[in-house]
Amino acid sequence: LLADGDDDLPAWVMARRERAREGAAGVTAYATDSRHTVAVAALAGQLVAADLRAGTARLVDVPGPVVDPRVDPTGHRVTWVRDRALWIAELDDETSARPLVEEPAPDVSWGVAEFIAAEEMDRYRGHWWAPDGTALLVARVDEGPVPRWWIADPARPEQAPTEVAYPAAGTTDADVSAWIVHLDGSRTEVAWDRRAWPYLAQAGWDDHGPYVALHPRDQGAIEVRAVDPLTGATTTLWEDHDEAWVERLPGTPARLADGRLVVGADRDGARRLVVDGTPVTPTDLHVRAVAHVGDEAIVVTANPVDDATVLDVWRWEATAPDHGQPGGEALGGTIGGADEPVGNGGGPALPGRLARLTRRPGQAPREDEGGRAGGVHGAAAGGDIVVLRRSCLERWGATVTVHRLDDELTEVATIASYAAQPARLPEVSIRHVGSRRLATALVLPEGAGPDQRLPVLLDPYGGPHAQRVVRAQAAYGTSQWFADQGYAVVVVDGRGTPGRGSDWERGVRFDLAVPVLEDQLDALAALAEEEPRLDLSRVAIRGWSFGGYLAALAVLRRPDAVHAAIAGAPVTEWRL
């Protein structure tokens, strides 16, 4: 896999990998044409093209390092980013490689996401092909206004510090714009008020044309705008506001075949799927992401508002036969679907048909999944194919199955996993404790007796956008290792963590200290009432990133309750 080539990649490429959380070598991402006949990928800075019909792959000899290659929808051309310029080549003619759009300014890049988009808005790409392959929507990023920082590597004192353009809170961000770029290099700027809406949160180009999703600086609003590909003029398709902040639903915006816009919005206490301005999921279901938008159907992941430890896959259809029921009918199959109508928590009937594609408690489990249903699911879908990924507490790792969806969901294949199995599988107990029903996981040492007093190790993340308490065994591998050193390991998801509804996520607004620490200690106290083996006179805490900040916070503010801390990569100054 040409792994040795990574040493030659420039610093900005490695920084982009960090933003995308790419921790593995080899092929970490790929792109295909619209008919899925060609796939392209970057491998150690080189371009790889695969013929998906023949089952062959080859290196394409184009100038590199190659970053974020994208094959056009017709399968004839490929674009990639090199040295901050957007390049293009014919796949069958390597000598045709040329810069499509570039600038001599060292702070300007074309075709990639800037730091803020990648780190905070889950936008990792910066160019999108038109469906007919005749033009692209391309992001231009000017980091000239961004303050510079000089960061030294203490492990390599012989090296000069690295210059980093870092937009600390309250300072100037990168200047981001979008352009329609044609194959001859001519380009037209997409028009919007960038002073009022500086953040390009998401973008794309479908059969109805290009579109952009925009945020103001405080992220208290969002606008989705359609773009005229000839003039660059924009018109508003959707807007939303929130006095705290607007949370964009991953996988959106998108459009159905008839042009109806698909977005997410916080309504009545839950994040809901919204189609053409109307919520189509119930108020007791918290939608986490959109996995696929087809011609008339949408596949999402969601969990009950009162339990974020599980995650299921749901499918919404734009049209539904009249069954006289508010929200849908069953979709049967080997995985199982909704076996009763989906209501709206006592509210008005919902449009369309909503059905669960993953099994619910009470349905017969697969033989290889253990005795209990429930777990954490993900999905990818296209056409009549749905790929489901399931993790649970009964077995290590994930089971990935391929299904064909017609009137029923029929399993047609299982994707084998060659991942190593740990010698010691975690044994986890998940509970909801205290008056706030805090999701709490308890991991004990192997062979711990009922009368044994155990020192406690709190093992949280505790902050926005990430969970630690989930019904997936692999989430507790490290916790089990610590437990086997003689600790009772306690993992708590408190206010601010995702999945428990809009108000729960916003419970840390203007205060990232009191609620998060309070929930850790309240959960520990409630758990100790149920588990007398927990020795509250010996409590330590460890964490990474936000968890590292929380660990340091705990021993500084509550040394009476938490007696030792290990803070890994902690945030020590929120302005930075």
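Quick caveat, the model's predicted, so the values are computed rather than measured. What's counted below: heavy atoms across the whole structure, side chains too, no hydrogens, waters or symmetry copies.
Across every non-hydrogen atom of Val310 and Pro304, the tightest pair is CG2-CD, 3.8 Å. Closest approach of Pro210 to Ile180, counting heavy atoms only: CG-CD1, 4.1 Å. Annotation for Leu454 and Gly486: closest pair CD2-O, 3.9 Å, computed over non-hydrogen atoms. Considering all non-hydrogen atoms of both residues, Val138 and Gly111 come closest at CG1-N, 3.6 Å. Taking every heavy atom of both residues into account, Leu444 and Ala488 meet most closely at CD2-CB, 3.9 Å. In terms of heavy-atom proximity, Trp504 sits nearest to Gly494 at NE1-O, 3.0 Å.
Remark: the backbone N or O of Val539 is paired with a side-chain donor or acceptor of His563 at under 3.5 angstrom. Side-chain N or O atoms of Arg271 include none that pairs as donor or acceptor with a backbone N or O of Gly264 at under 3.5 Å. For Arg506 (side chain) and Trp245 (main-chain N/O), a donor-acceptor pair under 3.5 Å exists by modelled atom type. At distances below 3.5 Å, at least one donor-acceptor pair connects side-chain atoms of Thr234 with backbone N or O atoms of Ala191. A donor-acceptor pair under 3.5 Å is absent between the side-chain atoms of His292 and the main chain of Val299, judged by distance alone. Under a 3.5 Å cut-off, the side chain of Gln480 and the backbone N or O of Glu427 do form a donor-acceptor pair. Proximity of a side-chain donor or acceptor of Glu223 to a complementary backbone N or O of Leu214 within less than 3.5 Å is not detected. A distance-only check finds a donor-acceptor pair linking the side chain of Asp206 to the backbone of Gly209 [under 3.5 Å]. The backbone N or O of Leu311 lies less than 3.5 Å from a partner atom in the side chain of His377, making a donor-acceptor pair.
Annotation: side chain of Glu114 is in contact with side chain of Arg123 (closest heavy-atom distance under 4.5 Å). Side-chain contact check for Pro498 versus Gln467: some heavy-atom pair is nearer than 4.5 Å. Within the 4.5 Å cutoff, no side-chain heavy atoms of Val469 are placed close to those of Thr497. The closest side-chain heavy-atom distance from Phe546 to Val516 is below 4.5 Å. For the pair Arg255/Val293, no side-chain contact is recorded, criterion being any heavy-atom separation below 4.5 Å from C-beta on. For the pair Ile116 and Pro167, the minimum side-chain heavy-atom distance is below 4.5 Å. Looking only at side-chain heavy atoms (C-beta outward), Leu388 and Thr358 come within less than 4.5 Å of each other. For the pair Leu553/Leu512, no side-chain contact is recorded, criterion being any heavy-atom separation below 4.5 Å from C-beta on.
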Side chain to side chain contact (heavy atoms under 4.5 Å, CB included) between Leu458 and Val490: does it pass, once the steps are laid out?
-> CA-CA 5 Å; Leu458 296 173; Val490 177; 3.8 Å; yes
Determine, stepwise, if the pair Val514 / Arg557 fulfils side chain to side chain contact (heavy atoms under 4.5 Å, CB included).
-> CA-CA 10 Å; Val514 172; Arg557 290 202 174 183; 3.9 Å; yes
Carefully, step by step, assess Arg267 and Asp240 under the rule side chain to side chain contact (heavy atoms under 4.5 Å, CB included).
-> CA-CA 11 Å; Arg267 297 290 187 271; Asp240 196 16; 3.1 Å; yes
Residues Thr281, Leu354; criterion side chain to side chain contact (heavy atoms under 4.5 Å, CB included); working and verdict | CA-CA 8 Å; Thr281 52; Leu354 182 67; 4.3 Å; yes
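Atoms CG and CD1, on Asp459 and Ile541 in that order, are 9.0 Å from each other to the nearest 0.5 Å. Here Arg509 contributes atom CZ and Asp503 contributes atom CG; the two are 12.0 Å apart, rounded to the nearest 0.5 Å. The distance from atom CD of Gln520 to atom OG1 of Thr440, rounded to the nearest 0.5 Å, is 8.0 Å. Taking OG of Ser429 as the reference point, atom OH of Tyr476 lies at 10.0 Å (rounded to 0.5 Å). Atoms CZ and NE2, from Arg500 and His432 in turn, are 6.0 Å apart once rounded to the nearest 0.5 Å. Taken from CG in Asp519 to CZ in Arg436, the straight-line distance is 4.5 Å, to the nearest 0.5 Å.
Atom CH2 of Trp544 sits in a sparse spot, with 12 or fewer heavy atoms from other residues, nucleotides or ligands closer than 6.0 Å. Other residues, nucleotides and ligands contribute over 12 non-hydrogen atoms within 6.0 Å of the CD atom of Glu573. Heavy atoms from other residues, nucleotides or ligands lying under 6.0 Å from CZ of Arg389 number 12 at most.
Ring pair Trp574/Tyr549 is perpendicular by interplanar angle, where above 60° counts as perpendicular and below 30° as parallel. Ring orientation note: the planes of Trp149 and Tyr166 are nearly perpendicular, at an angle over 60° on the 30°/60° scale.
Considering only residues two or more places apart in sequence or on other chains, Phe482 meets the ring pair (Phe, Tyr, Trp, His ring centres under 6.0 Å) condition with none of them. Under the ring pair (Phe, Tyr, Trp, His ring centres under 6.0 Å) criterion, Trp316 pairs with no residue, sequence neighbours left out.
Both the sub-6.0 Å distance and the 45° axial angle are not jointly satisfied by Arg70 relative to the ring of Trp128.
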For residues 197-205, tabulate all N or O donor-acceptor pairs below 3.5 Å that involve a side-chain atom, not counting sequence neighbours.
from   : atom 1 : to     : atom 2 : distance (Å)
Tyr199 : OH     : Asp173 : OD2    : 2.6
Tyr199 : OH     : Arg217 : NE     : 3.2

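A salt bridge links Glu518 and Arg495; the closest N-O separation between the charged side-chain nitrogens and carboxylate oxygens is under 4.0 Å. A salt bridge links Arg148 with Asp107: at least one charged nitrogen is closer than 4.0 Å to a carboxylate oxygen. Residues Asp493 and Arg468 are not paired through a salt bridge, judged by the lack of any N-O separation under 4.0 Å between the basic side chain and the carboxylate. Using a 4.0 Å cut-off between charged nitrogen and carboxylate oxygen, Asp535 and Arg453 count as a salt-bridge pair.
None of Arg471, Arg288, Arg356 except one satisfies the salt bridge (charged side-chain N to carboxylate O under 4.0 Å, His left out) rule with Asp312; the exception is Arg356. The side chain to side chain contact (heavy atoms under 4.5 Å, CB included) test with Arg225 is passed by exactly one of Trp238, Trp192, Tyr211: Trp192.
With 3.5 Å as the limit, one finds no donor-acceptor pair spanning the side chains of Asp276 and Thr278. Counted by atom type alone, Ser502 and Asp266 present one or more donor-acceptor pairs between their side chains at under 3.5 Å.
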